[in-house]
Amino acid sequence: MGPVLLLLLVTAVRLTAGQGVDRPTANLSSIWTNNASFFFDKVIYTAGTGPDFRPIVLRVRHIVLRSPETSKGPSLGAGFICRSPSSDEADDTACHFAVFMLINSSDIIWSSPQVVWSANPNHPIKENATLEFTSDGNLILHDADGSLVWSSGTEGRSVAGMELTENGNLVLFDRMKATVWQSFDHPTNVSVPGQSLLEGMRLTAHTSGTNWTTQYQMYMAVLSYGLYAYVESTPPQLYFSRWAAEKKVTFTNGSLGSITLPAANHTQFLRFESDGHLRLYEWSANVREEWVMVSDVMRMYLDDCSFPTVCGDYGVCTGRKCICPSPSDSGTRYFEPMDGKKANQNQGCLPNTPVSCQEMQHHQLLTLPDVSYFDTSNIIRDARSRDDCMQACLNNCSCKAVIFRYGPNDSYGKCSWLTDVFTLQQINPDTVQYNSSAYIKVQLSPSPTNKRMILGATFACIGIIIMATIAVTLYVQRRRKKLLAQKCATFECQWNQDIDGDFDFDQLPGMPIRFSYEKMRECTEDFSKKLGEGGFGSVFQGKLDGETVAVKRLESAMQEKSHRLLVYEYMPRGSLDRWIYYRHNNAPLDWGTRYRIILDIAKGLCYLHEECRRKIAHLDIKPQNILLDEKYNAKLADFGLSKLIDRDQSRVMTVMRGTPGYLAPEWLTSRITEKVDIYSFGVVIMEIVSGRTCIDHSEHAERIQLINLLREKAQNNNLQDMIDKRSPDMVSNLEEVIQMMKLAMWCLQSDSSRRPSMSTVVKVLEGAMTVETCAYYNFFNADSVIPVQDNASIHSATPGDYIFFNGHPVMPIEHNVSAYSAPPQASILSGPR
Ligand SMILES: *[C@@H]1O[C@H](CO)[C@@H](O)[C@H](O)[C@H]1NC(C)=O
Ligand SMILES: *[C@@H]1O[C@H](CO)[C@@H](O)[C@H](O)[C@H]1NC(C)=O
Ligand SMILES: *[C@@H]1O[C@H](CO)[C@@H](O)[C@H](O)[C@H]1NC(C)=O
Ligand SMILES: *[C@@H]1O[C@H](CO)[C@@H](O)[C@H](O)[C@H]1NC(C)=O
Ligand SMILES: *[C@@H]1O[C@H](CO)[C@@H](O)[C@H](O)[C@H]1NC(C)=O
Ligand SMILES: *[C@@H]1O[C@H](CO)[C@@H](O)[C@H](O)[C@H]1NC(C)=O
Ligand SMILES: *[C@@H]1O[C@H](CO)[C@@H](O)[C@H](O)[C@H]1NC(C)=O
Ligand SMILES: *[C@@H]1O[C@H](CO)[C@@H](O)[C@H](O)[C@H]1NC(C)=O
Ligand SMILES: *[C@@H]1O[C@H](CO)[C@@H](O)[C@H](O)[C@H]1NC(C)=O
Ligand SMILES: *[C@@H]1O[C@H](CO)[C@@H](O)[C@H](O)[C@H]1NC(C)=O
Ligand SMILES: *[C@@H]1O[C@H](CO)[C@@H](O)[C@H](O)[C@H]1NC(C)=O
């Protein structure tokens, strides 16, 4: 935050004469000069020690005259606002043409004018600058020396006047009172209640560049169905994303799109700040009369180390402090703290010798083990092994570092490269469950031409000036806790455990609420309105505290000892199968809705797999078990088959569970993990995209199995044949639909370890990552995962053998599976419902 703003925040402005000068509009052919004796209806607004504000239009909130409800809001002005010159530098008056809020806290004092919008915020203007509202409807800001600073660009567009609206929107309107231009369409770094950020709009913040640190730009943008925050680089690096229900994000009392904010007691505003945080401020009228921060919005979802500039360029965030990349094995120090070894080391680190593209033969990579980065989406696809990854970076001077993420074997991993290195994160592989190393490019021999020529981010290479934002960093994998999930309510987490019988209520966050059987009987009118039947019992409609709920009564033999009921949210649109298959005659869903449903399912599964205290495999993912609410928000249901898996170890299942058509190949061996859900999820994606069931006997023999068809189409490069032809917008979004199918194919890999994790899937769907191409389309022959009656081959199998079904090799046997004793029991397989 610049000194300007600090001043604005702490000072009060005195209205020295008159009151009630409400005039929210201005006419064409006017010119206003920014001078100290600014007149507005013969009222002089001077500031005493605080900033001057010189309103051109003013909307005063008269507290006494209006109802208490409306008087809660601030007064608003648009005009010049100037930081008063500090005593020692008399000349540095910096003004802006801005929209600002004023809080009326007592009779004559309007406190702390808060700028919510300004014209060309990076270009302050001086005394005697002018704002002209020309006769042809253009609003033009000239600085004192006559240079053009900003213009609305509305000449010739029939503008009739200017108005400041009640929520702080500066509007140029035409004779029909229609909006021609509005400040809400050009947000700066602040958002006010009632303001919507539409697709493509962004809030922008600049870090204050000092002598040695880069001046970065960070921005928070609304893109299709989401709110995303980036730090500028080529390409921009993503550090925050949050899915949105619409292609816009609206800030209201209590929410920002899908993010819940503290309800407002008084005037609020949101500001995107130079450290990349989005903070919610509120006027505190009672305690201290000032703006106080009431919520650090992204911090609810990200840990401190996940912000790109928390430790500056090349700094390593360890959670507690920032350190510089440690010396190499030979003891050479390549980086020094930016601020000269002082205690405060969050300015970043400076390479002792800048990397020069002219001397690539002297480039080397400094290894930082157990270090990761917030954005690993720029993947070098053909560099799978650690060595290839490092070599790829050394071969290209634009590459300033690579992050190599891998599992147990470093000859197969994911290599992502960085052109700018911001804050890196130290990780603990045991916690995040992957290995990651960072390799930072350093220059070995001091280049003769370079003697600390770094100024800001600029440094000279021989001959050319290369602008490079120096920023490489090590990073700890952020656990995007709440960010991912929230789609799957905690009681669902609990439900599954309840059925398992070994459920421990107290271990779970958000303990479920218990109701008495009597209350349930009452609320369902004695189980009179039956909604349907599921795998383990019937479901009834009920009313609980005015809300419609669904109550499931478990009816299997094992539950006879007592009444066991489960209460859920009522999902009025029922299960997904009713909406995606063409044989149900509902209007086909548009692509946007299908996309959101897939994302919802992914988030729900991600929650089960990665967010619950113990890993939960659902084991029966299929459209019948996905429910839709009024707005087509999808939730996972029916945990009848699910199993807890202790973290870090997979669970051996003794019986096959699930539904034919959705079963992953590893059911044929003994090693079952949550990855079976990812396979089923892949099947469901394909059903949603193609609008048909995975096994459709009404089709020609070769088309019965959707997944076999997919493999064939993928091999022949005819993926577009798979698309549900009933939705024209799927054809117009072909690129995105094809990407979705590629994601499905990734999930359908027969080798379960090659399937992505659900958090990766979510990242892909949110646009933070791209799909890894599965060149081999090595997915399983779906014919084989049919309940196996003859499992003799399983019993005799030993490691190294392959299991064959229907004549196809299915899976290499990884373990001796003779322990696989119980044959798959058809009774555990749930049928299509
Ligand atoms: C704008 O023009 C209208 C009509 O010409 C006039 O009534 C009004 O007072 C003017 N407003 C200002 C702020 O000058
Ligand atoms: C200040 O600006 C007003 C118009 O906005 C103008 O009438 C006045 O002459 C200016 N005063 C000085 C000292 O320039
Ligand atoms: C400011 O609020 C006080 C009450 O707190 C009220 O008496 C006064 O008229 C208000 N002033 C303006 C300019 O609205
Ligand atoms: C603004 O203009 C007035 C009149 O032209 C002049 O007297 C004054 O010195 C100017 N102020 C500045 C800061 O240049
Ligand atoms: C920045 O550079 C200027 C001169 O180049 C110097 O006077 C000043 O002390 C430097 N500031 C810092 C923080 O290093
Ligand atoms: C915000 O909403 C809450 C209720 O959700 C209400 O009590 C409060 O008065 C509202 N605040 C404002 C400033 O309107
Ligand atoms: C808003 O008011 C409620 C109730 O008076 C209080 O608990 C809460 O702390 C207030 N919030 C802020 C940010 O002042
Ligand atoms: C927000 O923008 C204003 C100009 O509109 C600028 O003065 C201020 O420094 C910015 N604040 C932050 C935190 O970037
Ligand atoms: C280095 O990588 C950039 C970005 O991918 C690419 O545009 C450029 O062509 C590469 N340069 C070389 C020499 O491969
Ligand atoms: C990390 O790599 C080591 C071998 O270098 C391996 O033993 C370990 O399992 C790997 N950890 C994870 C989480 O993959
Ligand atoms: C790692 O994978 C490579 C190739 O896939 C294989 O040759 C090598 O044996 C594996 N190493 C270990 C330790 O499993």
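The structure presented is a predicted model; accordingly, all values stated were derived computationally and were not measured. We count residues from 1, following the sequence as given. Note that ligands are numbered from 1 as they come in the structure, with each ligand's atoms numbered from 1 the same way.
- Ile56 is not listed as a side-chain neighbour of Arg54, based on a closest heavy-atom distance of 4.5 Å or more.
- Between Cys311 and Cys305, the sulfur-to-sulfur (SG-SG) separation does not fall under 2.5 Å.
- Taking the six-membered ring for Trp and the full ring otherwise, Trp181 and His186 have centroids separated by under 6.0 Å.
- Between Glu766 and Lys603, at least one side-chain N (NZ, or NE/NH1/NH2) sits under 4.0 Å from a carboxylate O, which counts as a salt bridge.
- For ligand 10, residues of the protein lying within 4.0 angstrom by heavy-atom distance are Gly407, Pro408, Gln433, Tyr434, Asn435.
- Annotation: the span from Met390 atom CE to Asn395 atom CG amounts to 12.0 Å, rounded to 0.5 Å.
- At a threshold of 4.0 Å, the pair Glu163-Lys177 does not count as salt-bridged, since none of the basic side-chain nitrogens sits closer than that to a carboxylate oxygen.
- Less than 4.0 angstrom separates some heavy atom of Thr25 from each of these atoms of ligand 1: 13 (C).
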